[in-house]
Amino acid sequence: MELSSRFNFSEVDAKWSQYWVDNNLFHAEVNPDKKPYTVVIPPPNVTGILHMGHALNNTLQDIMIRYKRMRGFEALWMPGTDHAGIATQNVVERQLSKEGKTRHDLSREEFLERLWAWKREYGDTIIHQLKKLGASCDWPRARFTMDEGYSQAVRSVFIRLYKKGLIYQGEYIINWCPRCQTALSDEEAEHRELQGNLYHLRYPFQDEPDQFIVVATTRPETMLGDTAVAVNPKDKRYKKYIGKTLILPFVNREIKVISDEFVDSKFGTGAVKVTPAHDPNDFAMGKRHKLEFVNVMKPDGVLNQHAGQFEGMDRFEAREAIVEELGQLKLIEKIEPHTHAVGHCYRCHTVVEPYLSKQWFVKMEPLAKPAIEAVRKGKIKFYPSRWTKVYLNWMENIRDWCISRQIWWGHRIPVWYCVGDDHCQLACKAPIVSETVPVACPHCGSTNLKQDEDVLDTWFSSWLWPFATFGWPDSGKKDLDYFYPTASLFTAPEIIFFWVARMIMAGKEFMGDIPFSDVYIHGTVRDAKGRKMSKSLGNAIDPLEIIKEYGADALRFSLVINSGQDLFISKEKFEIGRNFANKLWNASRLVLMNIKDPDIDVDLGKLDKKALDLPSRWIIFRFYATAEKVSAANERYQFSQAESLLYEFFRGNFCDWYLELIKDRWPDPAVQKIAFGILRDTLKIMHPFMPFVTEELWEKISKEKGPLCRQSWPVVSRKLIDKNADKEMQTLMALVAAIRNVRSQWNVNPAEQIECRLITVSTKDAVLIEENTAVLKQMARLGNARIEPARIVGPATGGAKNSDTVKNAVTVLVGNIKCVIPLGGVIDVDKEKKKILGQVQEQEKALDGLAQRLKNKEFLKKAPAEIVAKEKERLTSLNARVTELRLVIASLE
RNA sequence: GGACCCGUAGCUCAGUUGGUUAGAGCGUUUCCUUGACAUGGAAAAGGUCACAAGUUCGAGUCUUGUCGGGUCCACCA
C-alpha cells in the first residue's frame, strides 16, 4: 500500500467532510432499540464566522457525540442558527450606511427584506465552517430561530406567559443603548471598570442662595432631570435640611430635600441627587416619594427640550459643558477621580444609559423556582460543579427580564392595539394579545388595529431551543418524546445566565421537564497573554487558517488538550496536534507496509493470553487500560485528559516501545496480527478526537466494515488485562532507559553493542530478565546480558578502591537490579546508599504509623472495612519495599 | 461589597479518593538520519509544589491565615 510519508490533511479533510454529509451518516431518528443521546448545538449567530471559541465548543460536542454514537447510542446532535436580533440588524445597518442610508430611509418591510436577503446569502457561512471542523450534526434537521414553526413556538410561549400573568408591560428604567436605540436586558449590559470622576456639585437653597447642599455624581449631565436631593434620615449633618427647597441650576427647578433609607451617608457627600428618569435607584425613590419624572434625553443620547440651554448636545458633550458652566458659577466643590463599573452594550460596546421607557417584561420568580429545584435536587448537574453555585446565586436573586427590543429584526411582539373609533378609546386601551393576527378589536369590533412595533429579545426565542427545534408545540411530538430531555449542553461560562438558566426555566415551564441533565462549561479561549481573543484587539487566531495550515484534526486535538481550564493559545500550540496526526499516519504506514495478508483480521479480545509474549501482553494491557480511561474521562467531560491518555499510549507505548520491539519480527504473522489489532482499535478510540485522519486510515485497513464513524467502541476483554505484564515491562523499560542513559553520557555509539552484567536480588527479576533478553538486546543494544540472580554482591567490577568511585565500569541501580556496564566512568556509590537509606527510614516510619493505626481499636471500629483492608494491604507492600531496599543497600556494601 | 478560580520546571499546564523517586508538552543542551515519521529518535539539565501555621506516621493533595494573579455577580450616586 502506497502512502505518502506526510499526512496530507487538506485532501483528507475535504474528502471526509464531504463523504460524511453526502451519506447522511450522522442522521438519528426515533429508534426503540437504542437509547437516545441528544445534544443541541448552541446555535451560532447567523452573522457568525467561526472563531476559536466556536471551534472549541463544537469540537467538544463532536467528541461526545461521536463517542456516544460509537457506544451504541442513537446520538443526535441538533444543529441550527440564531437570528441574533441586534447583531444581525447592526450588520445590515452598517451595509446600509455605506450606501449613505439608515434603516429609517427604508420601510420596515424593505429593511426586513434586506435582512432576509443577507441571511439567505451569508446565514449558512458558519454552518459550512462547522462542517470543515468535522462537526457530526444531523445537518438536514438544522433549524433557524426565525423559521415559521419556530416563530409559532415563540408566539405561543408569549401568549401562555401573558395569560398566566407572567408577562407585563410597564414604564421602568431599563438599559438603553443610544447607538442601537433599543432596550437591553440586564445581562446584555456588560459592566466594565471605567476611570471616571466623582463630581461634587453645589445646589443652592431657595431661601439662602449662597448656601448649598453638595451632591456627588458621576453623571453630571443627568442633573437636569433631578427632581429631589435625598439624604439618609439618620444623617445628623443633613437632618435640618430635610423638607427645604433647592434651586436646580440652569433649569431653575424647585426641588425638595427628602430623606430616604437608601442613601448611604458614607458615600460621597451623603447627599444624593435624585434623577428618577435616569437611574434605577432614583426611579425607585421617585416612586416612593411620588416625585416628578423628567426625562432629559432623546433615544439617541442627545439632550432634549428639558435640558434647557444644553438641548441638542450629546450626553458626553453636555457633561463637559455642564461641568464647565458650573465651574464658572462656582457651583463645583471638587472633582475627584473615581473608578466605577459602567454598563456597555454587549453588541456595539456603547455606554448604555439607564433610561425610562415602556417595555415588556417577564416575571421571573415563578419560573425560577422549579429551575432552582432541578439543580438543587441534582436533576441537572454542572461540570465542573463549581458553576452550580454561580447558577443558583443568580437564580435566587433573579430580576425581571426586559424582553422588548426597539429593533425590526426578530419576532414581533404578538400584541395589537385598537386605534379604532373614538367612542371606544378608553375600553380599547388593553392590548390584544393573540397568536394569530386579530381581525377585530374584541371590545369595539374595530378592524383598525396596530401591532406593537417592538420585537422580542433574541434570547426569548433561544430559551426554547431544546424543544422548539423538534417542532414544539404543533409537531414533532414523536421526536420530542424520544430525544427530549437532551443529555448534555456544552457552553461557555458567560452564557449561563443568558441561555442555560433560561432554558432550564423554559423546559420546566413548557415541557414540564428539564431540558438536559448535564451542563458542561468549558474555558474561554485567550491569547498567549491571557486576553480574550477578539477582532478589535487584533489578537484573534482564525481557526480556518489553522485548518488550512495544520489540518482540522490538529486544530481539534490541540484545542482540546489545552482545554483543562481557560486556554492560552498561540499559533505554535497547534503543532502538537499536527505532529500527533502525522505520527499516527506514519505509524499506520509502518504497520500497513509490513502486513502481508490483505485479509488480516483479529479480535484482540479472543486471543489466548498464554500464547502471547510479554510485549504483546503488555501492549494489549496498555491499550485496554487506555480505552477504559478514555471512556471514563469522556463520561466526566475531561476531554483534555482523554487526549493526554491517547497521546501517552500511542507515542509513549505503541510507537516508542512496541513498534521498536517488534521491528525485526515483522515476518511473524502473530506479530502482524497484534500490531494490526492494536492499531485498528486505536483508530476507534482516537476517532472522536481526530475524526479525519482516523477515518482515512480506517478506510485503508478495514474498508469492508463501513466508515469508522459508525463503528462500535472496543469492548475491553477482562481476561486479557494483565497488570503483571505492565509491571514487568516497566522494569525492563527502566533497565533499558538506564543503560541508554549511561551510553549517552559516555558517548557510546548507539549502534554499538555493549556487554552488561545485571545483578538481581530477586529470582523473580532474574527470570524476567532471562526470559526477555531479546527485549533488552533490541532496545538497549546489549551484546550480552549476563544475569547473576539472587546474589548479594560486592562493589562493581573494576576493582575500585574508594567506595565512591568505580572505574572502568558504570553501576546503575534500577529498582532492585544492579546494572554493571563496563565502560569506564564514575558513580557515587555512597550517595546512592545515603539516598536509599533515607528512603528506608521514611518507609519504616510510615510502617510504624500504619501498624499503630491498625492496632488502634477506635480506628478499626470507626473506619469502613474497605479502608482498613486498604491500609493492611499498604502495610504489607511497605514491608516488602523495606526488605527490598535493605537488600539493595546490602548489595552496595 | 459578595462569590468563585488560580499560584507546581524558563514557558503552558497534568497530578483522580493524602502514600514509594512530583509528571507531560514546548524551550534549552548533547548525540543520532541509507527503510514509518527530523512534523522523527535517544538522553541531559531544570522543582524548598507562592508563603506560614495546623491536622496526620505521612501533605503538591485536607484546614486556617497571609501575599500575588484572574473571573463573575452587585443599585454605592
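Chain A is the first sequence line, chain B the second, and so forth, proteins listed ahead of strands; every chain is numbered from 1.
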Whole-angstrom distance between [N] and [M], as gauged at atom [atom1]:
N	M	atom1	value
B:rA36	B:rG41	P	13 Å
B:rU71	B:rA24	P	32 Å
B:rC57	B:rU20	C1'	15 Å
B:rG27	B:rU12	C1'	11 Å
B:rU8	B:rU48	P	12 Å
B:rA22	B:rC49	P	11 Å
B:rG60	B:rC6	C1'	14 Å
B:rU17	B:rU63	P	12 Å

What does [X] touch in the nucleic acid at a heavy-atom separation under 4.0 angstrom: a base, only the sugar-phosphate, or nothing?
X	answer
A:Phe580	nothing
A:Arg636	nothing
A:His191	nothing

Legend entry - Given RNA chain B, 5'-ward residue of the pair A:Gln565 and A:Trp657, judged by closest heavy atom: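 Its nucleotide being nearer the 5' end, the pick is A:Gln565.
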Legend entry - Most 5' of A:Val263 and A:Arg6 on RNA chain B, judged by nearest nucleotide: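 It is A:Arg6 whose nearest nucleotide is closer to the 5' end.
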Legend entry - Annotated protein contacts, base or backbone, on nucleotides 26-36 of chain B with a non-hydrogen cut-off under 4.0 Å, one of B, S, - each: ----------B
Legend entry - Dot-bracket pairing map - RNA chain B, Watson-Crick plus G-U, both contacts under 3.5 Å, | cross-strand: (((((((..((((.....[...)))).(((((.......))))).....(((((..]....))))))))))))....
Legend entry - Closest to the A:Phe568 side chain, choosing from B:rG40, B:rA74, B:rU12: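 So the nucleotide nearest the side chain must be B:rU12.
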Legend entry - Contact under 4.0 Å: A:Arg740 side-chain N or O vs B:rA44 OP1/OP2: no
Inset, instruction - Please check if any side-chain donor atom of A:Thr275 sits under 3.5 Å from a side-chain acceptor atom of A:Asp226, or the reverse. - result: yes
Inset, instruction - Nearest 0.5 Å please: distance from the CD atom of A:Glu628 over to the OG1 atom of A:Thr626. - result: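 Those atoms lie 10.0 Å apart.
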